[in-house]
Chemist: 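This is the structure I want to talk about, given as structure tokens.
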Amino acid sequence: MTGHEYVDHKSNGRTRVKIFPRYVSIFKTAVKNDLQKGKTACKTMGPAKIELPSPKDFLQKHSKVPKLPPSDKKLEKPQRKKPPVPSRNDHPIMGIQSGKNFINTNAADVIMGVAKKPKALYVDKRTGDRHGLEYSGLIPKYINKKDYGITPQYICKRNEEVKKVQEEYDNYVQENLKRAAMKRLSDEERDSVLQGLKKNWEEVHKEFQSLSVFIDSLPKRIRKQRLEAEMKQLEHDIGVIEKHKVIYIANK
């Protein structure tokens with residue numbers, strides 16, 4: 001039976017069967033033809049219409065290596081750097097003797113020569129590992145220099161430049177303060193302002209804590225936002241005053 005069957009059992013004992021037609025793709029014929037075309041096209045090694053290579057035309061050694069074009073320059077023979085080898089007819093000069101007494105000469109050189117000083121070493125392990133003493137840091141080498149403990153010239157010059165720039169900046173600030181007629185807060189005034197800001201923050205925070213838990217109306221929401229903004233501004237002002245020890249106020 002082709003298609004799908006749907007069986008519905010009823011309580012009265014009767015059975016009803018519905019048969020639906022099976023789905024068939026509209027591209028079934030085209031796909032079948034394409035499969036049949038590809039089966040007989042390449043049954044041999046390579047396409048059927050192309051001739052197979054001849055056994056005589058096999059791949060030879062270095063046949064695919066690119067060959068350079070012939071050069072017009074002729075290779076020159078390198079010049080000989082060493083003298084040629086003597087021929088068999090050349091004979092060395094014989095019979096030359098020296099009257100120097102090498103034994104006495106060597107003995108005199110040893111007697112008159114200065115004895116070589118042994119190299120300074122130090123042993124850092126019980127197994128006898130030896131190292132040079134000069135660069136070990138155990139000899140006071142650098143403290144014996146003439147310029148030991150003296151500040152280098154470039155650092156002194158740098159310090160002078162920094163000091164000069166700082167003086168120019170201080171003068172510039174003083175001139176601006178005089179022009180703007182700014183007043184510097186004393187330590188007592190700064191402490192009193194800081195204590196007043198902290199007291200205001202405590203009052204606003206106490207009022208904020210007294211708000212109701214449920215913010216269910218628009219006036220309550222507006223009041224909460226206003227108190228949060230005031231607390232944030234007071235915290236910012238307190239932080240600025242605590243951070244800066246010197247505060248100037250412009251005279252209006």
Side-chain angles (χ1 to χ4, degrees), residues 23 25 27 116-252:
Y23 171 76
S25 177
F27 302 104
K116 186 178 180 181
K117 294 183 180 180
K119 186 177 180 181
L121 301 174
Y122 75 96
V123 180
D124 59 348
K125 293 183 180 179
R126 60 187 179 86
T127 55
D129 296 340
R130 298 184 299 174
H131 304 281
L133 187 62
E134 182 179 0
Y135 301 102
S136 63
L138 301 175
I139 299 177
K141 180 178 179 181
Y142 295 98
I143 61 175
N144 296 328
K145 289 186 176 182
K146 295 180 179 180
D147 56 349
Y148 178 78
I150 300 175
T151 307
Q153 293 294 331
Y154 72 94
I155 295 180
C156 296
K157 185 177 179 181
R158 177 63 179 172
N159 293 337
E160 292 177 359
E161 292 177 356
V162 172
K163 185 177 180 181
K164 184 178 179 181
V165 172
Q166 185 65 30
E167 290 178 356
E168 293 178 356
Y169 177 75
D170 293 340
N171 296 333
Y172 172 76
V173 172
Q174 293 296 332
E175 291 179 0
N176 290 339
L177 291 177
K178 291 179 181 178
R179 291 176 184 176
M182 299 182 71
K183 178 184 177 182
R184 178 179 176 180
L185 283 180
S186 61
D187 295 339
E188 294 79 6
E189 294 176 349
R190 177 178 172 276
D191 294 339
S192 63
V193 171
L194 186 61
Q195 294 298 330
L197 290 174
K198 290 182 178 180
K199 185 177 180 180
N200 293 340
W201 184 87
E202 291 177 357
E203 293 177 357
V204 176
H205 185 262
K206 185 177 180 181
E207 186 177 356
F208 181 80
Q209 293 292 333
S210 63
L211 291 175
S212 60
V213 179
F214 297 100
I215 308 298
D216 52 355
S217 62
L218 183 60
K220 292 181 179 180
R221 188 180 306 168
I222 294 174
R223 185 184 179 190
K224 180 182 178 182
Q225 293 177 356
R226 179 177 59 81
L227 293 176
E228 289 178 349
E230 291 180 2
M231 290 174 61
K232 188 175 181 181
Q233 183 63 34
L234 289 172
E235 290 174 358
H236 174 72
D237 296 341
I238 291 171
V240 170
I241 294 177
E242 288 180 348
K243 182 178 179 181
H244 302 282
K245 302 297 181 182
V246 180
I247 301 175
Y248 292 92
I249 299 177
N251 295 330
K252 296 183 180 181

Chemist: Once rounded to the nearest 0.5 Å, what's the spacing between atom CG of Leu194 and atom CD of Glu189?
Modeler: 13.5 Å
Chemist: So which heavy atom on Gly132 is nearest to which on Tyr122, and how close?
Modeler: O-CE2, 3.2 Å
Chemist: Could you please spell out the steps behind the side-chain contact (heavy atoms from CB on, under 4.5 Å) verdict for Glu202 and Lys206?
Modeler: CA-CA 6 Å; Glu202 291 177 357; Lys206 185 177 180 181; over 6 Å; no
Chemist: Indicate yes or no: at least one non-hydrogen side-chain atom of Glu161 is less than 4.5 angstrom from one of Lys157.
Modeler: yes
Chemist: If you measure from CG on Leu185 to CZ on Arg190, what distance do you get to the nearest 0.5 Å?
Modeler: 9.0 Å
Chemist: Okay, side chain of Asp129, backbone of Lys125: is any donor-acceptor separation there less than 3.5 Å?
Modeler: no
Chemist: Decide yes or no for Glu203 and Lys199: does some side-chain heavy atom of the first lie under 4.5 Å from some side-chain heavy atom of the second?
Modeler: yes
Chemist: Kindly compute the distance separating CG (Asp124) from CG (Leu138), expressed to the nearest 0.5 Å.
Modeler: 10.0 Å
Chemist: State the CD-CG distance between Gln153 and Asp147, to the nearest 0.5 angstrom.
Modeler: 10.5 Å
Chemist: As an exercise, state the distance from CZ of Arg158 to NZ of Lys163, rounded to the nearest 0.5 Å.
Modeler: 15.5 Å
Chemist: Would you tell me whether Asp170 and Gln166 have side-chain atoms, one donor and one acceptor, within less than 3.5 Å of each other?
Modeler: yes
Chemist: Please output the side-chain donor-acceptor pairs of residues 221-229 that fall under 3.5 Å, not counting sequence neighbours, one pair per line with the distance.
Modeler:
| from | atom 1 | to | atom 2 | distance (Å) |
| --- | --- | --- | --- | --- |
| Arg223 | NH2 | Glu207 | OE2 | 3.3 |
| Arg226 | NH1 | Glu230 | OE2 | 3.2 |

Chemist: Can you list, pair by pair, the side-chain donor-acceptor contacts under 3.5 Å of residues 234-246, counting residues two or more places apart and other chains?
Modeler:
| from | atom 1 | to | atom 2 | distance (Å) |
| --- | --- | --- | --- | --- |
| Glu235 | OE2 | Trp201 | NE1 | 3.2 |
| Asp237 | OD1 | Gln233 | NE2 | 3.2 |
| Glu242 | OE2 | Lys198 | NZ | 3.4 |

Chemist: What heavy-atom pair brings Thr151 and Cys156 nearest, and what distance separates the two atoms?
Modeler: CG2-SG, 3.8 Å
Chemist: Where is the tightest heavy-atom contact between Tyr142 and Tyr148, given as atom of each residue plus distance?
Modeler: O-CD1, 3.3 Å
Chemist: Between Ser212 and Phe214, what is the shortest heavy-atom contact and its length?
Modeler: OG-O, 3.1 Å
